[in-house]
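Report on the structure given below.
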Amino acid sequence: MDVFRIIAQYREGLLGGLGVTLYLCLIVWSAGLVVGSALGLLSARHPSSVGRGAKASSFVISGIPVLVLLFWLHYPVQAMLNVVIDPFVTAAFALSIINIIAVGDTVRDAVQRFPAELVMAGQVCGLSNRDVVLHIQAPLLVRQIAPTILMIQVNMLQATLFASLISVDEIFREAQRINAAEYKPVEVYSALAVFFLMICLPLNGIALVLRRRYGRDLSER
Amino acid sequence: MLCAANISKTIGTNQLLSDISLQIRPGKATAVLGPNGAGKSTLLRALGFVDPPTDGELRLDDQVYRFGPTKTELVPTPWPRVTIVFQQLFLWPHLTLRENILLPLRKRGDSASGLAGLAREFDMERILDRHPNEVSGGERQRAAIIRAVLLRPSYLLLDEATASLDIEHSQKAFELLLRLKEEGVGIGFVTHLLGFAQRIADDVVFLDRGRLVEAGPPEILLRPTTERMQRFVSLLEFGTTIS
C-alpha cells in the first residue's frame with residue numbers, strides 16, 4: 001500500500017518527472033521516426049554514398065553503450081568545445097541519434113530486401129511509380145517494420161532513464177529524490193515501475209495487435 | 001508489331017542472349033521453346049522491357065528503344081501495352097486476388113466489367129476475395145492471367161503461364177489465347193508443352209544457350225531442320241496436345 005501512498009504523496013513531483021520523460025520521448029521518437037525513416041530510405045536509394053555512411057555510423061554507435069555516449073557528450077565533448085549545454089538538450093540529442101540510427105537501419109534493411117519482382121509486376125501492369133510506392137511498397141513495408149519500430153520506441157522510452165545520470169529531471173531522477181527522502185527503495189521503485197507499465201504496456205499491446213493483424217504470413221505455399 | 005532486333009544480354013561475363021531477332025505480330029502467337037537455361041525467360045523478360053537487353057533494339061509498333069552500354073530510359077513506358085505474366089506470377093501478397101486484378105484497372109480508370117465473365121470462365125468466383133497464399137498455385141496462375149488480360153494489352157507475354165494449370169484450365173487458357181489472337185493481341189509464350197505450342201503458335205523459335213537455333217512456322221516442331229532441335233523435340237511428349 002506504501003506504493004500508492006508514495007504515488008499520492010509525491011504525485012506532483014512524479015507527474016512533473018513523467019512530463020519531462022514524455023517530453024524527452026516525444027523529441028526522441030519524432031526525430032527517430034522522421035529523420036530515421038528518411039535516412040533509411042535515402043540509404044536504400046543511395047547505398048554507395050548515404051548508405052555506406054549510415055552503415056558506418058550505425059556500426060560505431062551500436063558499439064557504444066547509451067550511458068557512455070551520454071556521459072561523453074555531457075562531459076568531455078562540452079569541455080573540449082568549451083560550451084555548457086542543458087543536460088536535457090544533450091540527452092535529447094544523444095537518444096535521438098541512437099533512435100535515428102536504429103530506425104534508419106530497420107527501414108533501410110526492409111527497403112533493400114523488398115522483393116523487386118513485386119515492383120516489376122506493378123510496372124508491367126501499367127502502375128505509375130507513385131502508385132507502386134503507395135499501393136504496393138508502402139503497405140507491405142509498414143506491415144513488416146511497424147512492430148519492430150514500435151519495440152525500438154519502447155526501448156527508447158526505457159533508455160530515457162539514463163538521462164537522470166546527467167541531471168535531467170525526468171521521472172527516474174524524481175524517484176531517486178523521493179527515495180532519498182523516504183528511504184524505501186522497494187516502494188519507491190515499484191511506484192516508478194507502475195508509471196512505466198502505464199506507458200509501456202499500451203505500446204507493447206499496440207505492437208502485439210499490429211503483429212497479429214499485419215504480421216500474417218504472406219508467403220506462398 | 002513487337003520486334004527484337006539483334007538483342008543480346010550479358011551479365012558480367014555471362015552471355016545470356018546472343019544476337020537474337022524475332023517478331024511478335026498483332027493477332028499472332030509466337031512460341032519460345034528450348035531446354036532449361038536456354039534463355040527463354042530472359043528473352044521474354046527482355047521483350048517485356050522488364051529486364052532490357054544490354055545491346056540491340058526493341059521496337060514496339062512505331063516506337064524504337066535502343067539499348068547499349070548506357071542505361072536506357074524507357075520513355076514512353078511500354079506498359080501495359082506490353083505486359084507479361086511471369087513464371088512466378090508475382091501477385092501482391094497483401095491484396096486479395098480481386099484487389100490484385102482490380103488495382104491496375106482502377107488506377108488506369110479502366111472498367112472491370114470483364115472480370116465477372118473471366119472469373120466465371122476460370123472458376124475463380126468463390127476465391128476472388130482470398131489472398132494469394134490462401135489459394136493453390138493453379139488458382140494464383142489463373143488470377144495472374146486474368147489480371148494481365150483485363151489490362152487489354154496489345155502484346156501479351158506468358159512465361160510458362162499454364163505450368164500449374166490442370167488439363168481443364170489449360171484448355172480454357174488455350175481458348176482464351178485464341179480469342180485474344182482473334183481480337184488482334186500479339187502473344188509471345190514460353191512453354192514446354194509441344195502440343196500447346198503446335199496448336200496455338202503461328203511462329204516458333206527454338207533457343208539453346210542464349211542463341212536462336214531455329215525459327216519458323218509450327219511445322220518445324222514436326223520437322224526440325226537443326227540437329228539440336230531434332231534432339232530436343234524427339235525427347236518431348238506429344239501426348240500433351242490439347243484437342
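Chain identifiers are assigned alphabetically (A, B, ...) following the order of the sequence lines, protein sequences preceding nucleic acid strands; residue numbering begins at 1 within each chain.
- Using a 4.5 Å cut-off between heavy atoms, A/Leu127 touches chain B through its side chain atoms alone.
- For B/Ile84, the parts sitting under 4.5 Å from any heavy atom of chain A are the backbone and the side chain alike.
- A salt bridge links B/Glu57 with B/Arg59: the distance from a Lys NZ or Arg NE/NH1/NH2 to an Asp or Glu carboxylate oxygen falls below 4.0 Å.
- Checked options B/Thr83, B/Leu177, B/Val190; the residue passing with B/Leu158 is B/Leu177 (criterion: side-chain contact (heavy atoms from CB on, under 4.5 Å)).
- Using the six-membered ring where Trp is involved, B/Phe196 and B/Phe189 have ring planes that are perpendicular, over 60° apart on the 30 and 60° scheme.
- Proximity to chain A (any heavy atom under 4.5 Å) is restricted, for B/Val82, to the backbone atoms N, CA, C and O.
- Contacts between B/Arg81 and chain A at a heavy-atom distance below 4.5 Å are absent for every atom of the residue.
- The most heavy-atom pairs under 4.5 Å with chain A, out of B/Arg147, B/Glu99, B/Lys107, come from B/Lys107.
- Heavy atoms closer than 4.5 Å to chain A are found nowhere in B/Arg106, neither backbone nor side chain.
- Test A/Val154, A/Ile171, A/Asn204, A/Leu157 against A/Ile199 for side-chain contact (heavy atoms from CB on, under 4.5 Å) and you get one pass: A/Leu157.
- Sequence neighbours left out, the pairs with a member in residues 20-64 of chain B that pass ring-ring contact (aromatic ring centres under 6.0 Å, His included) are B/Phe49-B/Tyr65.
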